[in-house]
Number of protein chains: 2
Amino acid sequence: MKLKEFAKYLDLSPTTVSRALSGYPEVRESTRKRVADAAIRLGYRPNINAVRLVTGRVGAIGILMERGREVNFAEFLSGMGERLGGEDIDILVSPIAEHDAKEEMQLFSRLVESRRVDAFIVNAPRPNDERIALLHKLGMPFLVHGRSEIDVPYAWLDIDNEGAIKRATAYLLDLGHTRIAMINGRPGVTFSMHRDKGYHDALVERGLQFDPSLVAHGSFTDEVGFRFARSFLEQSPRPTALVAGSMMTALGVYRAARSLGLIVGKDISVIAHDDVFPYLNADNMAPSLSTTRSSMRAAGKRSAELVLQLLSGRSPTEIQELWPVELILRESTGPAGTRA
Amino acid sequence: MKLKEFAKYLDLSPTTVSRALSGYPEVRESTRKRVADAAIRLGYRPNINAVRLVTGRVGAIGILMERGREVNFAEFLSGMGERLGGEDIDILVSPIAEHDAKEEMQLFSRLVESRRVDAFIVNAPRPNDERIALLHKLGMPFLVHGRSEIDVPYAWLDIDNEGAIKRATAYLLDLGHTRIAMINGRPGVTFSMHRDKGYHDALVERGLQFDPSLVAHGSFTDEVGFRFARSFLEQSPRPTALVAGSMMTALGVYRAARSLGLIVGKDISVIAHDDVFPYLNADNMAPSLSTTRSSMRAAGKRSAELVLQLLSGRSPTEIQELWPVELILRESTGPAGTRA
DNA sequence: ACACTTTTTGAAAACGATTTAATTTAATCT
DNA sequence: AGATTAAATTAAATCGTTTTCAAAAAGTGT
């Protein structure tokens with residue numbers, strides 16, 4: 001049913017009906033009630049495309065899903081959903097392959113320029129991220145989940161990766177560990193670099209030498225965790241502690257330790273970063289896994305909120321949130337030298 | 001820039017320009033070229049909302065993301081993206097909480113009735129799924145990923161859960177196992193029921209008694225896997241084999257076995273269903289895990305294709321694909337009685 | 001050069017809402 | 001009651017395309 005017919009049925013003008021439904025103040029309460037009731041009864045709903053054309057708003061937030069990052073992404077998305085539930089705003093997901101940086105950027109441009117969304121969320125930014133430059137240039141509102149080093153103002157929400165890893169590393173140092181390895185995330189993205197820095201600084205501040213051969217980079221998979229952990233643990237002298245980039249990585253690390261007959265928490269201490277997945281719990285691992293913890297879901301929820309604020313006019317430069325990260329100690333960390 | 005201005009610049013009518021860009025045959029090749037070049041040069045793009053209003057198409061496929069199923073979902077989504085890459089069609093994700101079935105259904109109605117999408121994909125259907133009934137009633141094209149038992153015609157793509165689990169169970173029986181436990185998915189969804197049936201039939205066809213106390217249901221998490229595996233493995237007589245619903249479940253199962261000093265592949269044989277995640281590989285587990293395997297990503301890709309066909313007029317009743325499931329034998333399965 | 005097709009192009013009418021500016025109705029004040 | 005102000009309603013313009021139907025231009029065959 002169209003507005004026109006619906007209005008005629010109510011013996012009102014389309015104008016009044018439209019206003020009544022959108023909650024404008026200048027329509028009499030009794031009229032509004034009458035309209036609202038009839039709308040439900042007759043099942044009238046404004047044609048969304050017409051609304052969008054005339055208001056210029058699309059009613060959607062865009063977000064890219066990069067191949068290989070689906071796990072974290074899903075949690076983030078779920079968090080967004082929590083906030084966006086009541087709002088009349090959809091989430092538009094564009095899965096991309098990330099094979100080719102140029103191709104990726106082209107897809108991105110098309111997506112942004114065709115204005116299918118009111119705002120964007122940029123994930124896993126790089127230090128000099130073209131996407132951010134483009135969004136800024138085009139005047140499309142956007143929030144960066146993470147940080148970049150690019151020279152344009154932008155709104156962001158990030159967790160304190162540097163501080164978290166620094167603290168984790170320092171804690172391992174406190175336990176007496178001196179050879180500490182790290183399996184970080186993919187190279188080139190800002191958050192990996194922040195973690196590198198946290199690790200590096202913790203060592204240097206204690207007067208220890210930074211040894212680049214103890215740091216590896218790779219995606220957050222069981223496989224990467226296993227491979228690098230094996231190669232670290234086969235070195236001699238063997239590292240006595242290991243910082244892992246994710247829960248998946250940690251699974252691989254545990255497996256590698258086990259395969260070498262090493263006991264996690266004794267022969268090798270492990271701390272991993274935990275994005276808090278409902279299906280994989282650090283407490284439940286054996287031994288339970290010490291983690292730096294920050295909920296991806298919570299970040300998604302808050303990001304949605306911030307984008308909403310952005311859309312209602314808040315200045316991007318005011319939106320800069322750096323979340324602290326918890327350090328949760330469990331059984332996978334212990335004093336150095338107990339058995340090694 | 002608007003079509004009108006753009007057309008004026010080219011000294012053509014909006015009509016011709018529109019046609020040239022949409023590839024209609026009745027525009028001269030030289031004209032089309034001129035228009036296309038200018039469009040790129042000046043960066044003209046049709047306003048998407050105007051296009052949608054006039055064509056009546058939204059250019060989006062809707063899909064629900066249920067809380068707790070994010071892992072699988074992300075893979076599926078990623079697969080959809082592979083197919084939808086070139087098309088001008090977005091994926092609209094609505095995360096839902098699944099707390100309350102009534103609430104869920106309301107959200108769903110709102111989503112469907114407001115026609116923000118051209119088609120829907122329904123995931124994890126139940127035997128009598130109201131969502132399917134609603135979509136059918138409203139005439140919204142949709143594809144079910146999985147199957148229902150509802151009495152309306154619908155397009156579906158499913159994997160042969162029943163056959164897969166039947167084969168897995170039969171294989172374990174062939175190895176001499178007689179007490180085989182199963183940790184299945186959530187109760188109430190069709191695919192869990194199909195798996196139950198496969199398990200049940202395999203036993204019964206060999207003349208074995210079906211023992212309901214050996215079957216558990218729960219979500220696909222490490223935690224659920226652990227808890228149920230523990231309780232199964234503490235029974236006496238202890239089951240000598242276990243069928244697990246997912247890779248996450250299997251992680252919990254492995255942990256439970258380890259915690260009881262049991263060796264997977266010797267004391268307890270394990271087969272799990274593997275949706276093929278890039279971050280968790282059955283080959284890499286220790287011992288490597290025998291699986292029934294079917295790629296969730298491939299299903300997503302194919303689903304997108306089928307929805308596209310649906311949108312271009314193919315009849316829903318013609319679309320019914322049942323995919324076979326591979327059984328991959330690795331080290332986690334072995335003959336019964338070796339050590340027990 | 002003429003009549004007749006076939007190609008190309010264009011004018012104007014949708015598509016279905018929101019919103020501005022104008023008008024009517026009701027309320028308030030002397 | 002009449003003038004003034006405030007509240008409620010509406011007519012008409014607008015958003016930016018696509019598409020129908022008609023007209024102009026270009027070919028074709030005699």
Side-chain angles (χ1 to χ4, degrees), chain A residues 1-39 42-60 88-90 110 113-118 311-312, chain B residues 1-39 42-60 88-90 110 113-118 311-312:
Chain A
M1 161 145 33
K2 304 179 198 179
L3 173 59
K4 221 166 149 185
E5 312 166 32
F6 182 54
K8 187 166 290 171
Y9 167 86
L10 284 169
D11 206 21
L12 282 171
S13 73
T15 312
T16 305
V17 173
S18 169
R19 284 197 182 116
L21 291 175
S22 329
Y24 276 59
E26 64 266 64
V27 43
R28 204 196 306 161
E29 194 47 41
S30 61
T31 312
R32 177 194 317 291
K33 182 96 176 44
R34 194 159 68 93
V35 173
D37 288 350
L42 303 193
Y44 168 74
R45 276 176 211 266
N47 176 305
I48 195 149
N49 290 327
V51 174
R52 286 172 173 176
L53 173 57
V54 72
T55 59
R57 253 176 250 120
V58 182
D88 213 27
I89 294 194
D90 304 314
R110 227 173 41 93
E113 284 170 13
S114 64
R115 309 222 159 234
R116 313 164 97 83
V117 296
D118 297 317
L311 286 177
S312 61
Chain B
M1 159 146 32
K2 305 178 197 178
L3 173 58
K4 222 167 148 184
E5 311 166 33
F6 182 53
K8 186 165 291 171
Y9 167 86
L10 284 169
D11 206 21
L12 283 171
S13 73
T15 312
T16 305
V17 173
S18 170
R19 283 195 183 118
L21 290 175
S22 328
Y24 275 59
E26 64 265 64
V27 41
R28 202 199 306 163
E29 195 45 43
S30 62
T31 313
R32 176 195 318 292
K33 181 95 176 47
R34 193 160 68 93
V35 173
D37 289 351
L42 304 192
Y44 168 75
R45 277 177 211 266
N47 176 306
I48 197 151
N49 290 328
V51 174
R52 286 172 174 176
L53 172 57
V54 72
T55 60
R57 255 178 248 118
V58 183
D88 214 26
I89 294 195
D90 304 314
R110 226 173 40 94
E113 283 170 13
S114 64
R115 308 221 159 236
R116 312 164 98 84
V117 296
D118 297 317
L311 286 177
S312 60

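A note on names: the letters A, B, ... follow the listed sequences, proteins ahead of strands, and every chain is numbered from 1.
- Going from atom CZ of B:R34 over to atom P of C:dT8 covers 14 Å, rounded to whole Å.
- Interatomic distance, CG of B:L10 versus OG1 of B:T31, reported as 10.0 Å (0.5 Å rounding).
- In B:R32, the CZ atom is crowded: over 12 heavy atoms of neighbouring residues, nucleotides or ligands sit closer than 6.0 Å.
- Residue order along DNA chain D, read from the 5' end via each residue's closest nucleotide, puts A:V17 first among A:V17 and A:A50.
- When each of C:dC15, C:dA17, C:dA12 is scored by its nearest atom to the side-chain atoms of A:V54, the top-ranked nucleotide is C:dA17.
- Residue B:S18 has no polar side-chain atom (N or O) positioned under 4.0 Å from OP1 or OP2 of D:dT17.
- Rounded to a whole Å, the CG atom of A:L53 is 13 Å from the C1' atom of D:dA13.
- Remark: P of D:dA7 and CG of A:L12 are 20 Å apart, rounded to the nearest angstrom.
- Contact between the side-chain N/O atoms of A:T31 and the OP1/OP2 oxygens of D:dT9 is found at a separation under 4.0 Å.
- Inter-residue side-chain proximity for B:R116 and A:R52 is flagged as met; some heavy-atom pair is nearer than 4.5 Å.
- We find the OG1-CD distance between A:T15 and A:E26 to be 10.5 Å, quoted to the nearest 0.5 Å.
- Heavy atoms of A:R32 sit nowhere under 4.0 angstrom from any nucleic acid atom.
- Counting atom types as modelled, A:R19 pairs a side-chain N or O with a base atom of D:dT10 as donor and acceptor under 3.5 Å.
- One can place CG of B:N49 at 14 Å from C1' of D:dT14, the figure rounded to the nearest angstrom.
- Put simply, A:Y24 has no side-chain N or O that comes within less than 4.0 Å of OP1 or OP2 on D:dA8.
- Between D:dT10 and A:S13, a contact under 4.0 Å exists linking OP1 or OP2 to a side-chain N or O.
- The separation between B:K4 atom NZ and D:dG16 atom C1' is 10 Å, rounded to whole Å.
- The phosphate of C:dT9 (OP1 or OP2) has a side-chain N or O of B:R28 nearer than 4.0 angstrom.
- Summarising the geometry, the separation between CZ on B:R57 and P on D:dT17 is reported as 17 Å, rounded to the nearest angstrom.
- Separating the CD atom of A:E26 from the C1' atom of D:dA6 is a distance of 13 Å, rounded to the nearest angstrom.
- Contact between the side-chain N/O atoms of B:Y44 and the OP1/OP2 oxygens of D:dT17 is found at a separation under 4.0 Å.
- Taking 4.0 angstrom as the limit, B:T55 places none of its side-chain polar atoms (N or O) nearer than this to OP1 or OP2 of D:dT17.
- In terms of polar N and O atoms assigned as donor or acceptor, the side chain of A:T16 never comes within less than 3.5 Å of the base of D:dA8 in a complementary pairing.
- Note: B:I48 CD1 to A:L53 CG = 12.0 Å, rounded to the nearest 0.5 Å.
- The nearest whole Å value for the distance from the CG atom in A:L3 to the P atom in C:dC15 is 14 Å.
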